[in-house]
Amino acid sequence: MFTGIVQGLCPVISISEQPGLARLAVELGDLAEGVQRGASVAVNGTCLTVSDDDGAGVIYFDVIQE
């Protein structure tokens, strides 16, 4: 169960789907500062691993099938 502190509400700005994979782009704005590839970020209570960032506050997560 996620018991961390909510730091903000951020929009999912795109979802691109491929077979067995979805890539989420989330606009973190200032919250993205210092977040690096490989970091874990709780998204709606689910820990996702940062797969990329655009350097301007958008962070990408790859969500794969089991």
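Side chains are part of it too, since the values below use all heavy atoms of this structure and drop only hydrogens, waters and symmetry mates.
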Would you give the length of the straight line joining atom CD1 of Ile13 to atom CG of Leu24, rounded to the nearest 0.5 angstrom?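 It is 10.5 Å, given to the nearest 0.5 Å.
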Give, for atom CD of Glu33 and atom CG of Asp53, the distance between the pair rounded to the nearest 0.5 Å.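 Rounded to the nearest 0.5 Å, the CD-CG separation comes out at 12.0 Å.
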Linking I/L/V/M/F/W/Y whenever any side-chain heavy atoms sit under 4.5 Å apart, do [X] and [Y] land together?
X     : Y     : answer
Val12 : Leu48 : yes
Val58 : Leu31 : no
Val43 : Tyr60 : no

Where is the tightest heavy-atom contact between [X] and [Y], given as atom of each residue plus distance?
X     : Y     : value
Thr49 : Phe61 : O-CD2, 3.4 Å
Gly57 : Ala32 : CA-CB, 3.8 Å
Val35 : Ala39 : CG1-CB, 4.2 Å
Leu28 : Cys10 : CD2-SG, 3.7 Å

### Task
Before accepting this row, confirm whether a basic side-chain N of the pair Arg37/Asp52 lies closer than 4.0 Å to the acidic partner's carboxylate O.
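A salt bridge links Arg37 with Asp52.
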Side chain Arg23, main chain Asp62, donor-acceptor under 3.5 Å: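 Not confirmed, Arg23 side chain does not pair with Asp62 backbone.
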Report, as yes or no, whether the 6.0 Å neighbourhood of atom CD1 on Ile64 holds more than 12 heavy atoms from other residues, nucleotides or ligands.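 For Ile64, atom CD1 is not crowded (no more than 12 foreign heavy atoms under 6.0 Å).
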